[in-house]
Each structure stands twice: as structure tokens, then as C-alpha cells.
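Below is one structure, written out as C-alpha cells; comments come after it.
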Amino acid sequence: MTETSAAQTALTAAHARIADFCGRLGIALPVMNAPMTGVAGVAMAAAVSEAGGLGVLPVGRMTPGEITQAVAQIRALTEKPFALSIRIPPKVKHSPEDLRVLAEGVSAVMEDLGLPATDSPDAAGHYDFACANEGESFAARFAAIVAARPAAVLSTAGGFREPEAEALEAAGILNFGTATTLREAKVLRAAGVDAIVLQGSEAGGPRSNFEDADDVMTGLAALVPQAARATGLPVIAAGGVFDPAQALGLAVAGASGVMLGTALLGTKESLATPYAKQALTWVSAGNLTLTRLYSGRLERVLRSPLLDALADYVPGLPAWPAPEAVMGPLTEAAARQGREELEAVRLGESAGRSLDRDCAGAVKRIASLLV
């Protein structure tokens with residue numbers, strides 16, 4: 001076989017694999033948006049779906065009633081398939097004492113933002129140290145997800161347990177898991193998922209690892225062909241995807257689709273702050289860094305005065321998700337108040353290279369060589 005015919009064979013196989021994946025979901029284009037909490041909302045999910053891709057709405061912070069309402073809003077905007085995403089609850093519980101040192105370190109900033117001290121009587125309404133809201137309400141959220149009947153449900157930070165997987169199958173909902181390594185992809189295959197989102201090291205944060213450590217960083221060029229071959233399942237490449245040729249290369253390597261995160265950050269449908277969107281016009285690799293400060297998981301973020309000031313606290317942080325109890329309310333208040341020096345801006349390696357202004361244009365541009 002000549003090199004030309006071998007390339008054509010690989011391209012034909014990629015297009016056939018993509019067509020099969022799209023046909024199973026009832027979509028036209030093999031493009032999904034990343035479930036970026038605080039960035040991907042109803043407008044983005046609906047726009048991606050309406051453009052022919054598979055819009056994804058993160059619902060991990062919603063109540064069951066809010067999930068039902070959000071799904072109704074998506075369906076009012078599009079009749080096309082969409083997906084919902086939820087992270088698997090952490091197995092550990094934390095107490096305020098776990099974060100005492102960090103809370104003391106940011107106490108002046110919290111006061112400046114109008115947030116109560118962590119040991120004040122008003123703290124319970126702001127700081128969920130035990131992550132009880134997420135863990136204890138997971139069953140109710142999951143029930144609302146199943147009742148909503150999306151085309152697919154995506155889990156992050158682990159896979160669904162057998163009862164949940166069976167509930168999805170019974171409802172005719174596809175079960176997507178997220179993996180950061182080949183080992184995790186194999187675990188998800190054994191758990192019976194229908195497809196796997198591969199979060200490469202190029203992605204912004206937080207890492208969705210659940211078997212391997214978050215610093216086991218594998219890029220998509222290595223991870224996609226390994227996972228596709230080892231699992232035999234459709235894999236979706238996520239992390240730094242911004243170019244049609246790049247997406248085609250990942251498809252030839254074994255991907256059945258791609259997921260866009262940073263590439264959609266600057267769109268009109270994005271819920272990102274004006275500062276985060278503006279940063280896309282000037283940011284480069286030297287402006288980004290990896291940190292566990294915000295969540296306890298490794299994530300790529302824009303350097304900031306806050307990160308520099310708290311660098312000494314990071315080595316002593318407790319495990320995920322404890323830091324979210326303090327840093328979540330702090331950075332959210334900073335975003336509301338326009339305090340750019342305190343914002344948490346999560347960016348993948350495509351930052352500065354993709355400036356799409358609407359989701360439909362981005363989805364169609366990225367998919368232009370895939371179908």
C-alpha cells in the first residue's frame with residue numbers, strides 16, 4: 001500500500017467512525033462544548049446543539065428544580081439533542097479546621113469582598129466545608145437528570161456506579177465518562193460506558209482524574225490512539241482544540257469527536273467575565289500556570305496577583321474538594337465585583353489562538369474537515 005492510499009484509508013476510517021458516532025446521537029457534527037461551570041450555561045449548550053453539535057450543560061451546582069428549569073430553557077431554544085454533565089461526589093469529608101490556615105491567609109481579602117469570616121455565625125451560608133450539598137443531593141440531582149431525558153450524561157471525576165449506569169441505560173440515555181489516562185479509560189470501559197471524553201494535558205482545569213494522580217499529564221497525541229485502540233469505544237478529544245486541521249489529526253488518530261473549552265470562552269454565549277474574554281486577545285503560554293489552589297485539583301489558569309500571594313499555601317492544601325469551600329466563594333465574589341486581580345481564569349493551551357465570537361461559527365469551523 002502506498003503512502004497516499006494508506007492516508008486515504010485512515011481518513012476514510014475516521015470519517016466512518018465519526019458518522020457512526022454522530023448517527024448514534026442524532027447530531028450532524030462531532031463537536032461538544034466542555035462542561036465549564038460558570039462559563040457553559042443554557043445559551044452555550046443550546047447554541048452548540050442548534051449548530052449541529054452536542055451541547056453540554058454542567059448541572060453539578062444546580063438543585064433538581066433548577067435542572068428541570070434549565071432543560072426546559074434549552075428545549076425552548078433548540079429541538080436538537082443535548083447532554084448534561086455532573087461530577088461524581090468526593091468520597092472524603094472535610095471540616096473548617098482543614099482549611100484554617102488558608103482561611104486565615106485570605107481573611108483580609110474576604111473582608112474586602114464583603115464575605116464573612118469562616119468562623120463567623122454567617123459562614124454556613126457561604127462555605128460548604130463538608131461538601132454536603134453536593135454529596136447528599138447527588139441522588140436527587142441524578143434523578144432529575146434521568147427525568148430530563150437528555151441524549152447523553154457525562155460524568156467527571158469518576159464514572160457512574162452500577163445502579164446509575166443501569167438507570168441511564170433503561171432510560172435510553174448514553175453514558176459518557178471522562179478519563180485523563182489510558183488506565184482510567186480502561187476502567188470506564190469495564191464500567192460499561194458508551195463513550196469516553198479524553199481530557200488531555202492541554203486542557204484548562206480542573207483535572208478530571210479519578211484513578212491516577214492529577215500530575216500524570218498525557219497529551220492528546222499520545223492518549224487518543226492508545227485509548228481508542230484499547231477500549232474500542234468512541235473517544236472524544238478534549239484539551240486545547242482550536243483548529244480544523246488539529247481536529248482532523250485527532251480524528252485520524254482515533255477520535256470520534258472533539259470537545260471545545262477555551263475555544264468557546266470568548267463567544268457571546270459564554271458566561272465568562274469580561275476580563276476572561278479580554279485575556280484571550282493577549283494571553284500566551286508564559287501567562288499561564290498550573291495550580292491546585294482553587295480546587296485541590298491541578299488546573300491551568302491565568303497568572304494573577306492572588307496566585308502569587310498565596311503560592312506558599314498551595315503545598316499545605318488539603319485534598320480536593322476542600323479548597324473550593326473558601327476559594328470558590330472568594331473568586332466568584334471577585335468576578336461579580338470586577339476584581340480582576342482576584343479572578344480565577346481557567347484556560348487551556350488554545351488560549352490566544354482561537355477568537356470565535358459565537359458558538360455556531362466555532363462548531364462549524366472546527367468540524368469543517370471532519371464531515
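Model, not experiment: these values are computed from the prediction.
- For the pair Arg207 and Asp215, the salt-bridge criterion is not met [side-chain N within less than 4.0 Å of a carboxylate O].
- The shortest heavy-atom contact between Gly55 and Ser49 is N-OG, 2.8 Å.
- Ion pairing between Glu343 and Arg339 fails under the 4.0 Å rule for side-chain N and carboxylate O.
- At least one donor-acceptor pair closer than 3.5 Å links the side chain of Thr9 to the backbone N or O of Ser5.
- Considering only heavy atoms from C-beta on, Ile145 comes within 4.5 Å of Val59 through its side chain.
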Next item on the list: Using the side chain to side chain contact (heavy atoms under 4.5 Å, CB included) rule, take Leu293 and Leu102 through it: C-alpha gap first, then chi angles, then the decisive distance, then the call.
Entry: CA-CA 10 Å; Leu293 176 66; Leu102 177 61; 4.3 Å; yes
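- Ile18 and Leu250 fall within the same hydrophobic cluster, where Ile, Leu, Val, Met, Phe, Trp and Tyr residues are linked whenever their side-chain heavy atoms come under 4.5 Å apart, directly or through other members.
- Here the side chains of Leu168 and Leu174 are not in contact, with every heavy-atom distance at 4.5 Å or above.
- Going from atom CD1 of Ile196 over to atom CG of Leu154 covers 11.5 Å, rounded to the nearest 0.5 Å.
- Interatomic distance, CZ of Arg100 versus CG of Asp119, reported as 11.0 Å (0.5 Å rounding).
- Looking only at atom types and distance, the side chain of Asp358 has no donor-acceptor partner in the side chain of Thr267 under 3.5 Å away.
- Put simply, CD on Gln8 and CG on Leu11 are 5.5 Å apart, with the number rounded to the nearest 0.5 Å.
- Look at Glu324 and Arg292 and you find no salt bridge, because none of the NZ, NE, NH1 or NH2 atoms lies under 4.0 Å from a carboxylate O.
- Proximity of Phe21 to Ile236: side-chain heavy atoms (C-beta onward) are separated by under 4.5 Å at one or more points.
- Counting only distance, with no hydrogens or angles, the side chain of Gln69 and the backbone of Pro64 share no donor-acceptor pair below 3.5 Å.
- When atom types are taken as modelled, the side chain of Glu211 and the backbone of Val187 share no donor-acceptor pair closer than 3.5 angstrom.
- Formation of a donor-acceptor pair under 3.5 Å by the Arg189 side chain with backbone atoms of Ala195 is not found in this model.
- Going from atom CD1 of Ile88 over to atom OG of Ser208 covers 9.0 Å, rounded to the nearest 0.5 Å.
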Note to self: Leu330 vs Met110, test: side chain to side chain contact (heavy atoms under 4.5 Å, CB included). Steps then yes/no.
What the structure shows: CA-CA 6 Å; Leu330 190 159; Met110 294 165 71; 4.0 Å; yes
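- In this structure a side-chain-to-backbone donor-acceptor pair under 3.5 Å is missing from Arg357 to Lys268.
- For Gly296 against Asp214, the heavy-atom pair with the smallest separation is O-OD2, 4.1 Å.
- Under the 3.5 Å distance criterion, the side-chain polar atoms of Arg17 are matched with a main-chain donor or acceptor of Gly254.
- Within 6.0 Å of atom CD in Glu169, 12 or fewer heavy atoms from other residues, nucleotides or ligands are found, so the atom counts as exposed in its surroundings.
- Across all non-hydrogen atoms, the minimal contact from Leu302 to Ala279 is CD2-CB, 4.1 Å.
- Using modelled atom types and a 3.5 Å distance limit, the side chains of Ser295 and Glu299 yield a donor-acceptor pair.
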Next item on the list: Go through Asn287 and Arg303 one step at a time and tell me if the side chain to side chain contact (heavy atoms under 4.5 Å, CB included) criterion holds.
Entry: CA-CA 6 Å; Asn287 304 119; Arg303 292 180 181 274; 5.6 Å; no
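- The two atoms that bring Ala362 and Leu260 nearest to each other are O-CD1, 4.4 Å, heavy atoms only.
- Within the 4.5 Å cutoff, side-chain heavy atoms of Arg365 are placed close to those of Asp356.
- Here CD of Glu66 is found 8.5 Å from CZ of Arg141. Values are rounded to the nearest 0.5 Å.
- At distances below 3.5 Å, not a single donor-acceptor pair connects side-chain atoms of Glu202 with backbone N or O atoms of Gly219.
- By the rule that hydrophobic residues join a cluster once side-chain heavy atoms approach within less than 4.5 Å of another member, Val48 and Ile366 end up as members of one cluster.
- Other residues, nucleotides and ligands place no more than 12 heavy atoms under 6.0 Å from the NZ atom of Lys364.
- Tested against Pro206, the residues Arg297, Gln199, Arg87 include a single side chain to side chain contact (heavy atoms under 4.5 Å, CB included) partner, Arg297.
- One N or O on the side chain of Glu164 and one on the backbone of Arg161 form a donor-acceptor pair closer than 3.5 Å.
- Using a distance-only test at 3.5 Å, with no hydrogens or angles considered, a donor-acceptor pair links the side chain of Tyr127 to the main chain of Pro116.
- Within the 4.5 Å cutoff, the side chain of Ser256 has no heavy atoms near those of the Arg24 side chain.
- Atoms CZ and OG, from Phe142 and Ser155 in turn, are 9.5 Å apart once rounded to the nearest 0.5 Å.
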Item checked: salt bridge (charged side-chain N to carboxylate O under 4.0 Å, His left out) between Asp243 and Arg353, intermediate numbers included -> CA-CA 9 Å; Asp243 181 78; Arg353 290 179 286 178; over 6 Å; no
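- Side-chain atoms of Glu50 and Glu79, non-hydrogen and from C-beta on, never get closer than 4.5 Å to each other.
- Val301 and Leu265 are members of different hydrophobic clusters when ILVMFWY side chains are connected at heavy-atom separations under 4.5 Å.
- Looking at Val31 and Leu54, their side chains never come closer than 4.5 Å, going by heavy atoms from C-beta outward.
- Hydrophobic cluster membership differs between Val153 and Val193, with clusters built from Ile, Leu, Val, Met, Phe, Trp and Tyr side chains linked at under 4.5 angstrom.
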Checklist line | Glu269/Lys277 under salt bridge (charged side-chain N to carboxylate O under 4.0 Å, His left out): CA gap, chis, key distance, verdict | finding: CA-CA 12 Å; Glu269 296 90 354; Lys277 291 185 177 184; over 6 Å; no
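- When all heavy atoms are compared, the tightest approach of Thr37 to Pro58 is OG1-CB, 4.0 Å.
- Put simply, Phe176 and Leu188 are part of two different groups of oily side chains (I, L, V, M, F, W, Y) that touch within less than 4.5 Å, one to the next.
- Shown here for Gly240 and Ser350, the closest heavy-atom pair between the two residues is O-CB, 3.6 Å.
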Next item on the list: Given side chain to side chain contact (heavy atoms under 4.5 Å, CB included), test Tyr313 with Val101 step by step and report yes or no.
Entry: CA-CA 8 Å; Tyr313 288 87; Val101 175; 3.7 Å; yes
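- The closest side-chain heavy-atom distance from Leu113 to Arg336 is not below 4.5 Å.
- Formation of a donor-acceptor pair under 3.5 Å by the Asn33 side chain with backbone atoms of Val56 is found in this model.
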